[in-house]
Amino acid sequence: MRIRFIFYSLFLIPFIVNAQQNKNQSSKIEVKDAWIRVSAQGSNTALFFEVVNNSDKPDTLLAAESNLAEVVEVHETFKRENDMMGMRKVNFVVIPPKSTVKFKPRDLHVMLIKLKSDLKVGDKSEVTLVFKNAGKLKAEAAVRDMQMMMNR
Amino acid sequence: MQKVLINCFLILALLPGCGNDFPVIENLGGSNYQLTNQNEKEVLFPDFVKGKTVIAGYIFTNCPDICPLTTNNMRLIQERLEKEEVDNVQFVSISFDPGNDTPGVLKKFAEIRNLDLNNWTFLTGDKPVVDKLMKHVGVVAVPGDSTVFPSGKVSYYYIHTDRIQLIDSEGRIRKNYPGSSINIDEIINDIKSL
């Protein structure tokens, strides 16, 4: 009985330690000020937020999840010569230690593609951000229009 | 004598600039493009806004970032003009993605943003007509990155000119601005002094 207890304890310890490490890591990554730009069903829109990394190690945003849209991707807006603007998918975003990365208009954003319903001012929705070390972090995002953002 | 000559030179140097703050970039006045507004009514652009100063923006509604910013900046311009009681200005948003941007899509795009359409028209049209107009106004829009849906359908996103234009009452383009980052004070002053 005692041998069995020691065996299971030794077997479980790494999992417990690993879970604790993940918990500590996730508490060191904060997702703040999440908001979604107002948009219509069938159309696309963008999710913006700030990621604060309070730890001494970098983390990496790998993906985002939301029930609001058919497809959810991390994108960045880029500028070319002659006032040309475009956007492209990015596969990951590194969040350096002790720093904040802002996902904001004309820059990094999460693209919500083909919305399942209208997103009107005042609506709220839970979104999930998937990090390499911190795992899945949930955040509540409010639907806002640009006027509201400029008046903040 | 030398002082007089210097003064004369300075005056002559400044003269060509007088009245030339807004050189004609392109004249749309001689052309008319048959387009459809958000209410499915056919209009001839720029004829239907002749006699008014026009603020034109170029968008596609699937754009999640730049085009909503451009649209919002046009709203800010509209609100400032109303506050300062400047009238006879018409706003026009023209889609360069007519395959997706039907009149109904444009109407919904405006409605969900609570835009004031009293002096603001959204336009789409047949692709050859829209392409010709974009070339005329100097707006480039080419398909760039894409998203593949679970159904296999592919949706393309445009790399495009970020543009708001000031067009005079005769249909002549007088100034270009970066649509998503326009200086509102600058264009308000330009509208007043055009």
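The sequence lines fix the lettering, A, B, ..., with proteins before strands; numbering per chain opens at 1. Basis for what follows: all heavy atoms, side chains included, without hydrogens, waters or symmetry-related copies.
Across all their heavy atoms, B/I112 and A/S39 have their closest contact at CD1-O, 3.1 Å. Residues A/A46 and B/P64 come closest through the heavy atom pair CB-O, 3.9 Å. The two residues A/V71 and B/P150 have their closest heavy-atom pair at CG2-CD, 4.0 Å.
Around the CZ atom of A/F92, the shell of radius 6.0 Å holds no more than 12 heavy atoms that belong to other residues, nucleotides or ligands. Within 6.0 Å of the CD atom in B/E82, the count of heavy atoms belonging to other residues, nucleotides or ligands does not exceed 12. Within a 6.0 Å radius of NZ in B/K175, other residues, nucleotides and ligands contribute more than 12 heavy atoms. In the displayed structure, B/D126 atom CG is contacted under 6.0 Å by at most 12 heavy atoms of other residues, nucleotides or ligands.
Within the structure, salt bridge (charged side-chain N to carboxylate O under 4.0 Å, His left out) pairs that include any residue of residues 40-50 of chain B do not occur (at least two apart or interchain).
Side-chain N or O atoms of B/D65 include one that pairs as donor or acceptor with a backbone N or O of A/R106 at under 3.5 Å. Here the side chain of A/S43 pairs no donor or acceptor atom with the backbone of B/F109 at under 3.5 angstrom.
For the options A/D107, A/D118, A/L112, heavy-atom pairs under 4.5 Å to chain B are most numerous at A/D118.
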- prompt: Please walk me through it: do A/K89 and B/D145 pass salt bridge (Lys or Arg N to Asp or Glu O under 4.0 Å)?
  reply: CA-CA 7 Å; A/K89 185 181 175 183; B/D145 206 356; over 6 Å; no
query: Yes or no on side-chain contact (heavy atoms from CB on, under 4.5 Å) for A/E70 and B/T147, after CA distance, side-chain angles and deciding distance?
result: CA-CA 11 Å; A/E70 279 192 22; B/T147 291; over 6 Å; no
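Residue A/L119 touches chain B through its backbone alone, counting heavy-atom pairs closer than 4.5 Å. Proximity to chain B involves both the backbone and the side chain of A/V38, based on heavy atoms less than 4.5 angstrom apart. At a 4.5 Å heavy-atom cutoff, the contact between A/R37 and chain B is made by side-chain atoms alone. Only the backbone of A/N82 comes within contact range of chain B, with heavy atoms under 4.5 Å apart. Heavy atoms closer than 4.5 Å to chain B are found in the side chain of A/M111, but not in its backbone. With a 4.5 Å cut-off on non-hydrogen atoms, B/Y158 touches chain A through its backbone but not through its side chain.
Taking CG from A/D83 and CG from B/N176, the interatomic distance works out to 8.0 Å, rounded to the nearest 0.5 Å. Remark: B/I159 CD1 to A/R88 CZ distance equals 8.5 Å, nearest 0.5 Å. With values rounded to the nearest 0.5 angstrom, A/M87 atom CE is found 8.5 Å from B/H160 atom NE2. To the nearest 0.5 Å, the span separating CZ on A/R80 from OG1 on B/T161 amounts to 13.0 Å. Separation of atoms OG1 (B/T71) and CG (A/D145) is listed at 12.5 Å; rounding is to 0.5 Å. Taking OG of B/S181 as the reference point, atom CE of A/M85 lies at 7.5 Å (rounded to 0.5 Å).
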